[in-house]
Structures are given as C-alpha cells and as structure tokens.
Colleague: 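Dumping the structure here so I can ask a few things about it.
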2 protein chains.
Amino acid sequence: MTRGVRLTPIRYQVLELIWGSHKAVKAYDLLDRIKPLQPMAKPATVYRALDFLIEQGLIHRVESLNAFIGCSYSGQQHEQLLLICKLCHEVEERAAEKVMKTLAREMKQLAFVAHSKSIEIHGICIKCAQPMVNQT
Amino acid sequence: MTRGVRLTPIRYQVLELIWGSHKAVKAYDLLDRIKPLQPMAKPATVYRALDFLIEQGLIHRVESLNAFIGCSYSGQQHEQLLLICKLCHEVEERAAEKVMKTLAREMKQLAFVAHSKSIEIHGICIKCAQPMVNQT
DNA sequence: AATTGAAATGTTATGGTATAACATTTCAAT
DNA sequence: ATTGAAATGTTATACCATAACATTTCAATT
Ligand SMILES: [Zn+2]
Ligand SMILES: [Zn+2]
Ligand SMILES: [Zn+2]
Ligand SMILES: [Zn+2]
C-alpha cells in the first residue's frame, strides 16, 4: 500500500513558489514561473498541484483575489483569517481564536452546520500605516 | 445639480433579478435573463450595473462563488456574514454583531485598518439539516 | 523480473469570469 | 440651444478554471 501522499517535483515547485512570497500568487503567474522548470506545464498542471496543496492544508485559496497563499499553521487544524494589505499586497494569516470561537457560537445558535469558513479582511497593514504617521 | 444616484431601467432590472432569488446569482446568468428586456445587453452592461448596486450597498458580491446576492440590511451601515448552504444553495446574510465586534477588537489589537470585511461560511442550513433528522 | 492498477501527468479543447478602450447617447443644469 | 457629466453601446481581449481523454509513473504483488 502506498503512503497516500506524494509531494512530487511539480507539487513541490509550486509549493516553493507560493511559500517564497508573502503576497498571494495567481495561478497563471505560477504557470509562467513553473515553465522554465517544467516546459510542458499547462494550466491543468498548476491547478492540479494547487488542489493537492489545498487538500493537504499547505496553502489556502484567497477567494477575494483568485489567488493562493501559503498556510502559516500547516499541520495544526485551524480556521483562518486573512489580512490583505491594499498597499504592499502582503497577506497575513491569523488564527484569531476569539473570533473563531464567537463565530462557532453564532453558527450553533443559528443551527448552521459549517463545513468551511473564510474570513478575508482588506485594508492597510501596520507596516504600511506606520510610515504615514511620520509624514510632514 | 443632479441627484447623484440614478436607478436606471437596466440597474433596476438587474436589482430585481437579484432580489428575486435567495440564491447567489451569476453575472452571465443575469446577462441571459436581461437580454429579453434589453436585447443589446453585453457583459459590460451587467457588470456596470452590478458595480453600481454594490457601491450603493444594495447587493453584495459573494467572493467564494463569483456571484451576487441582495443585501438584507440595505441602508443600515453594516458588516456582513454570509451563510451559504451547499444543498439548497440559498445564501443568508446575518449582521452577527458579536462576531463583528470581536473581529473589530482583533483588528485594533493587530493595528490593521480594515476597509472591507468578508465572512463566508459554507455548510448546511437549518432547513436542509432538519429533514435528515426525520429519516429512518 | 514481469504484471498490474491506481495515482499522477500530458494534452487538447472549451467554458466561465471580468475589464479595457473608445464611441455614442441621455439628461438635467445653464 | 448649449454643454458636460453620467450612462450606455460596442468591440475586443485578458484572465480564471475545468472537462475529457491519453499516457506515464511507480510501488505492491505475483
Ligand atoms: Zn492556514
Ligand atoms: Zn502593507
Ligand atoms: Zn448587507
Ligand atoms: Zn439549505
């Protein structure tokens, strides 16, 4: 019986590219950057790798950007909250346990059985907000 | 000086179509359904109407579905939480004030200036879960 | 070492989502 | 009547994602 999970070269290369960026990465950008390594790569090549990496909890899809970001809590079971900066475009993942607990309570009260939760906040991150303070 | 907001026939027709459904509606489905009324309608026609209606707070974009849903709290300033049922595909909007307050507190603590918040929960709604209980 | 079957990848084609760019029309204020 | 902004018409294209089928890989079994 096989191990059930194979991090093949293509999958590993896609994962590396995503992990190498703090910004969300687009599928077709990945495709362009994979091509030098895998000249025969096509959209399906990338999307299959992405599907696999999402299933394994190694990356997340950023719904509001149609893009992908590395998971900061791989392995641990978790719900994620993504903070997306409009200026530097970096995406930060937070566990936000209090928020998630409050959310779980709300779902229970509404008798809604949640299978997946996505919280995406667009705004200005602390690194981009700080410099503004110092401007004359 | 003009009123600044004009709910033109096209915009009104798109709004009516979205309001007429408790499920999220796709842009190209709207286009098909608008065509009998506005035979010259094109993608841009629909997307412009959608942009306008979102700006006015009359509809929301459901990021995880690439689709649109009528706002249940139009007029009132609010953050929304969308409950999306995998079975009946209905989308319910909730104010979820406790969740939003907890979220706001979290953002403040992280010094992240939020401009827009999107919470989308996929799962099974109470109407679809209830009948299962009664099954033999 | 050959067999085999599932998983992964290659390949072609197409469908679905969204916007850019420029032309024309509408419409209310002057 | 003029005018200028907002809205709409129109064409083209870019971007995002999957279906369907062929072929290859690879580890377990014989
Ligand atoms: Zn994560
Ligand atoms: Zn930033
Ligand atoms: Zn709303
Ligand atoms: Zn349901």
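What you see is a predicted model; the values in this text were computed from it and never measured. First the proteins, then the strands, lettered A, B, ... as listed; each starts at 1.
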Colleague: Which nucleotide, D/dC16, D/dG9, C/dT17, lies nearest any side-chain atom of B/Asn66?
Modeller: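 From the listed options, C/dT17 comes nearest.
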Colleague: Check whether any side-chain nitrogen or oxygen of B/Tyr47 sits under 4.0 Å from OP1 or OP2 of C/dA18, and answer yes or no.
Modeller: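 For C/dA18, OP1/OP2 do have a side-chain N/O of B/Tyr47 under 4.0 Å.
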Colleague: Would you kindly give the CZ-to-P distance between B/Phe52 and D/dA6, to the nearest whole Å?
Modeller: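 These atoms are roughly 13 Å apart.
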Colleague: Is the side chain of B/Thr102 donor-acceptor paired with the backbone N or O of A/Lys98 at a distance under 3.5 Å, no angle test?
Modeller: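 Side chain of B/Thr102 to backbone of A/Lys98, a donor-acceptor pair under 3.5 Å: no, none is there.
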Colleague: Could you state the OH-P distance from A/Tyr28 to D/dA17, rounded to the nearest angstrom?
Modeller: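 Result: 8 Å.
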Colleague: If pairing requires Watson-Crick or G-U wobble contacts with both distances under 3.5 Å, which nucleotide is the partner of C/dT30?
Modeller: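 By the stated definition (distances under 3.5 Å), D/dA1 pairs with C/dT30.
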Colleague: Counting side-chain heavy atoms from CB outward, which of D/dA7, C/dT9, C/dA18 is closest to B/Arg6?
Modeller: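 Output: D/dA7.
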Colleague: Would you say A/Thr8 places a side-chain N or O within less than 4.0 Å of OP1 or OP2 belonging to D/dT25?
Modeller: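 Answer no for this pair, as no side-chain N or O of A/Thr8 is under 4.0 Å from OP1 or OP2.
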Colleague: Between B/Arg94 and B/Glu92, does any NZ, NE, NH1 or NH2 come within less than 4.0 Å of an OD or OE carboxylate oxygen?
Modeller: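 B/Arg94 and B/Glu92: salt-bridged.
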Colleague: Categorize A/Ala44 for me: base, sugar-phosphate, or nothing, with a 4.0 angstrom heavy-atom threshold over every strand shown.
Modeller: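 A/Ala44: base contact, heavy atoms under 4.0 Å.
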Colleague: Measure from the side-chain heavy atoms of A/Gln38 and tell me the nearest of C/dT19, C/dG10, C/dT12.
Modeller: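 Of the candidates, C/dG10 comes closest.
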Colleague: Across all strands, who's sitting opposite C/dA20 as a Watson-Crick or G-U wobble pair, both distances under 3.5 Å?
Modeller: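 For C/dA20, the partner nucleotide comes out as D/dT11, under the 3.5 Å rule.
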Colleague: Check this one for me: any side-chain N or O of A/Arg48 less than 4.0 Å away from OP1 or OP2 of D/dT18?
Modeller: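 No.
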Colleague: Looking at B/Glu120 and B/Glu63, would you say the former's side chain and the latter's main chain have a donor-acceptor pair under 3.5 Å?
Modeller: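 Yes, B/Glu120 side chain to B/Glu63 backbone: donor-acceptor pair under 3.5 Å.
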Colleague: Main chain of A/Ile84, side chain of A/Lys86: is a donor-acceptor contact present, judged purely on distance under 3.5 Å?
Modeller: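 Flag not set: sc A/Lys86 to bb A/Ile84 has no pair under 3.5 Å.
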Colleague: Choosing from C/dT17, D/dT10, C/dT9, which nucleotide comes nearest the side chain of B/Lys26?
Modeller: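 Given the options C/dT17, D/dT10, C/dT9, the side chain of B/Lys26 is closest to C/dT17.
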Colleague: For A/Arg11 and C/dA7, is the shortest distance between a side-chain N/O and OP1 or OP2 below 4.0 Å?
Modeller: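 Answer no for this pair, as no side-chain N or O of A/Arg11 is under 4.0 Å from OP1 or OP2.
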